[in-house]
Amino acid sequence: MTTRHYNPIDRALVNLDQAVRTLFGKPQTTERPNPAADIADTKLSEKERKHVARLMRINHTGEVCAQALYQGQALTARRPEVQHSMERSAREENDHLDWCETRIDELGDRKSLLNPLWYAGSFAIGALAGLAGDKWSLGFVVETERQVESHLDGHLAEIPMTDSRSRAILEEMKSDEVRHAAVAKAAGGASLPGPVKLAMRLASKVMTRSAYWV
Ligand SMILES: [Fe+2]
Ligand SMILES: [Fe+2]
């Protein structure tokens, strides 16, 4: 097998292409079906529909951030095997992005208008984490995925039991995030210092609050 070498301009174009696909187009997904595909839709009250749609909008924005983090990190990861081990996880984040978008459409709502901003910020953070070294950037992935897991638990507790379609998507995402954390840890992810974990929690709070409304 031959390895293709990209120069900096090629890599910038690849990243730009990924950003545009993530934000405005159809990102490259895996072969997996949407977990809600075979589940009948149930009637939600207007209040429930609005609330769930906004929660799914938050999750969609979270997946925009996840995609940007993985892209930023891949740009600066040092060992090729680290890049490769993260590739499948990044592709699965696109599944999540796609499933959340489909559910938002079904619920008659829209994606967050701030997604380009969150993409840019997360990409920069991912790239910086990559520059800090593979063990830190992998540790960053581990911590991100763990925080997403507990965030999804919160949403699962809030979404009505009757909304089986949204729930099936979030359950599948949660089990993926648990696996993504394990993959990054096995690849050598280090445990991050407490203040960094706290800063990450604060940043995600700003993201979730703003995406609910904007
Ligand atoms: Fe995800
Ligand atoms: Fe993930």
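Order of appearance sets the numbers: ligands from 1, and atoms from 1 within every ligand.
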NZ/NE/NH1/NH2 to OD/OE distance under 4.0 Å, D109 and R54:
no

Of all the N, O or S atoms in H180, which has the shortest distance to the Fe ion (ligand 2)?
ND1

Short N-O contact, E172 and R179, less than 4.0 angstrom:
no

Residue E177 atom name (nearest to the Fe ion (ligand 1); N/O/S):
OE2

Less than 4.0 angstrom from a charged side-chain N to a carboxylate O is my criterion; do R49 and E46 meet it?
yes

Answer yes or no as to whether an N/O/S atom of E145 is found below 2.8 Å from the Fe ion (ligand 2).
yes

Looking only at N, O or S atoms, which one in H96 sits nearest to the Fe ion (ligand 1)?
ND1

Working to the nearest 0.5 Å, report the span between CD of E93 and NE2 of H180.
5.0 Å

Can you give the angle E63 OE1 - the Fe ion (ligand 1) - E93 OE1, rounded to 10°?
80°

Does R91 pair with E87 as a salt bridge, N-O distance under 4.0 Å?
no

